[in-house]
K.L.:
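Have a look at this one before I ask anything.
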Amino acid sequence: MSPSQQPTSLNNPAYLKNQFAHRFIRALNNLHHTKTPPHHNYKMYNRSTRVKIAANTAMASVVGSRRAWSRAVLWKIRKLRSRKRVNCHHQEKVSLKRRNPKPKTEDFNNPFGDSSQESKLRELVPGGETLDAVCLMGETANYIKCLVAQVEVMKTLVDLYNPT
Amino acid sequence: MSNRRSAPGTQRITDEQITELVSKLQQLLPELRNHRSNKASASKVLQETCNYVRSLHKEVDDLSDRLSRLLSTVDDDGPQASIIRSLIN
């Protein structure tokens with residue numbers, strides 16, 4: 001059986017969607033039933049943002065620590081939750097642990113020949129700032145697969161909730 | 001290729017690795033999947049990848065917005081709620 005056909009493999013898109021749906025629905029249920037925000041740091045976010053955070057967190061928690069992007073997402077959430085109430089003006093700069101030394105463009109030719117696109121991609125993929133070019137590509141591929149699964153499940157939920 | 005100096009501590013990235021990764025990425029992109037020539041240039045794939053990720057983020061934002069609105073209108077005893085409950089348990 002190829003990896004994508006194994007029923008419990010993360011490479012199987014159906015399994016991925018299933019796991020995500022489970023966690024996301026549970027989070028939505030919590031959101032729906034608490035009148036006050038669950039955590040004081042979420043007070044500044046409107047409902048729509050809280051749903052988005054719930055979705056991204058649910059997806060990242062399915063993948064867990066296997067991927068750099070999911071680790072980055074979970075780390076950000078953890079940081080958000082543990083942050084003491086600080087004045088917005090005094091946010092400290094977060095120092096990131098570099099997985100690989102950041103490639104210096106003077107030392108070798110950029111394999112893609114175009115570094116501006118690559119830096120744009122780094123901004124888009126969570127945790128992308130600290131990866132080298134090869135890892136970045138692999139992470140992006142997995143990130144896209146998971147995003148697609150997330151979007152499909154969310155669409156299904158919208159259809160389900162929509163009064164017809 | 002022999003005149004390319006590697007930075008200390010990083011592996012030499014081979015061209016085959018790059019083309020393989022680029023083609024894998026290309027398979028995921030809806031725009032380029034049915035490209036007539038099998039290989040689009042690496043920079044085109046990167047550009048399409050950035051655009052695709054951005055559009056997916058926007059979809060997530062939009063769907064979150066709709067979901068948050070629908071959540072507030074859901075009747076706790078309605079049929080949808082029981083479906084959701086059965087999905088959770």
Side-chain angles (χ1 to χ4, degrees), chain A residues 21-22 24-26 28-29 31-33 46-56 59 100-109 111-114 116-118 120-121 123-125 132-134 136-138 140-148 150-151 153-155 157-158 160-163, chain B residues 1 3-15 17-22 24-25 27-30 41-57 59-76 78-81 83-85 87-88:
Chain A
H22 219 80
F24 183 44
I25 290 175
R26 215 180 297 148
L28 281 182
N29 211 30
L31 268 182
H32 181 52
H33 283 120
N46 60 17
R47 259 214 130 116
S48 161
T49 311
R50 278 186 234 152
V51 170
K52 181 169 74 161
I53 292 178
N56 291 338
M59 190 75 245
N100 299 309
K102 188 164 184 180
K104 296 195 179 67
T105 43
E106 312 97 38
D107 279 349
F108 56 91
N109 290 329
F112 301 118
D114 177 9
S116 69
Q117 285 299 331
E118 190 186 323
K120 279 188 203 153
L121 191 59
E123 285 171 31
L124 288 170
V125 176
D132 64 34
V134 174
L136 180 64
M137 299 279 270
T140 308
N142 184 268
Y143 184 54
I144 287 180
K145 279 190 208 153
C146 294
L147 268 182
V148 167
Q150 182 178 331
V151 164
V153 172
M154 289 174 84
K155 275 190 196 155
L157 280 176
V158 166
L160 191 66
Y161 272 115
N162 238 334
Chain B
M1 266 222 272
N3 52 11
R4 202 189 282 174
R5 269 183 337 178
S6 313
T10 58
Q11 296 171 329
R12 171 93 67 77
I13 302 173
T14 64
D15 279 352
Q17 266 182 297
I18 295 295
T19 43
E20 195 191 315
L21 286 169
V22 166
K24 257 195 215 163
L25 214 46
Q27 288 304 307
L28 293 170
L29 304 174
S41 74
S43 67
K44 183 92 169 74
V45 171
L46 269 191
Q47 195 184 337
E48 281 308 314
T49 307
C50 289
N51 292 339
Y52 191 40
V53 172
R54 272 189 214 115
S55 76
L56 285 173
H57 281 169
E59 271 201 87
V60 169
D61 282 343
D62 179 54
L63 288 168
S64 305
D65 195 47
R66 288 162 76 183
L67 267 181
S68 68
R69 254 175 266 198
L70 290 171
L71 262 186
S72 49
T73 63
V74 151
D75 174 20
D76 254 347
Q80 299 110 335
I83 297 176
I84 302 294
R85 252 178 253 130
L87 278 173
I88 299 177

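Every chain is numbered from 1, with letters handed out A, B, ... down the list of sequences.
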K.L.:
Can you tell me which of Asp62(B), Asp61(B), Thr49(B) forms the most heavy-atom pairs within a distance under 4.5 Å of chain A?
P.N.:
Asp61(B)
K.L.:
Under the side-chain contact (heavy atoms from CB on, under 4.5 Å) rule, what do Glu59(B) and Lys155(A) come out as? Steps first, then yes or no, please.
P.N.:
CA-CA 9 Å; Glu59(B) 271 201 87; Lys155(A) 275 190 196 155; 3.2 Å; yes
K.L.:
Might you point out which heavy atoms bring Ser48(A) and Ser64(B) nearest each other, and give the distance in Å?
P.N.:
O-CB, 3.6 Å
K.L.:
CG of Leu28(B) to CG of Asn142(A): how many Å apart, nearest 0.5 Å?
P.N.:
9.5 Å
K.L.:
Hey, could you give me the CG/NZ distance between Leu63(B) and Lys52(A), rounded to the nearest 0.5 Å?
P.N.:
12.0 Å
K.L.:
I need the minimum non-hydrogen distance between Leu121(A) and Cys50(B), along with the two atoms involved.
P.N.:
N-SG, 3.7 Å
K.L.:
Would a 4.5 Å heavy-atom cut-off, applied to side chains only, mark Gln150(A) and Leu56(B) as touching?
P.N.:
no
K.L.:
Check whether Ala55(A) gets within reach of chain B through its side chain, its backbone, both or neither, counting any heavy atom under 4.5 Å.
P.N.:
neither
K.L.:
Against chain A, label Leu21(B) side chain, backbone, both or neither, depending on which of its atoms sit under 4.5 Å from a heavy atom there.
P.N.:
both
K.L.:
Show your working on side-chain contact (heavy atoms from CB on, under 4.5 Å) between Tyr52(B) and Val148(A) and close with a plain yes or no.
P.N.:
CA-CA 10 Å; Tyr52(B) 191 40; Val148(A) 167; 3.5 Å; yes
K.L.:
Counting heavy-atom pairs under 4.5 Å with chain B, which one of Leu147(A), Thr49(A), Val51(A) comes out on top?
P.N.:
Val51(A)
K.L.:
Could you tell me the separation between the CZ atom of Arg47(A) and the CZ atom of Arg69(B), rounded to the nearest 0.5 Å?
P.N.:
12.5 Å
K.L.:
Can you confirm whether Arg66(B) sits close enough to Met154(A) that some side-chain heavy atom of one is under 4.5 Å from a side-chain heavy atom of the other?
P.N.:
no
K.L.:
Quick one: does Gln17(B)'s side chain get under 4.5 Å of Met137(A)'s, heavy atoms only?
P.N.:
no
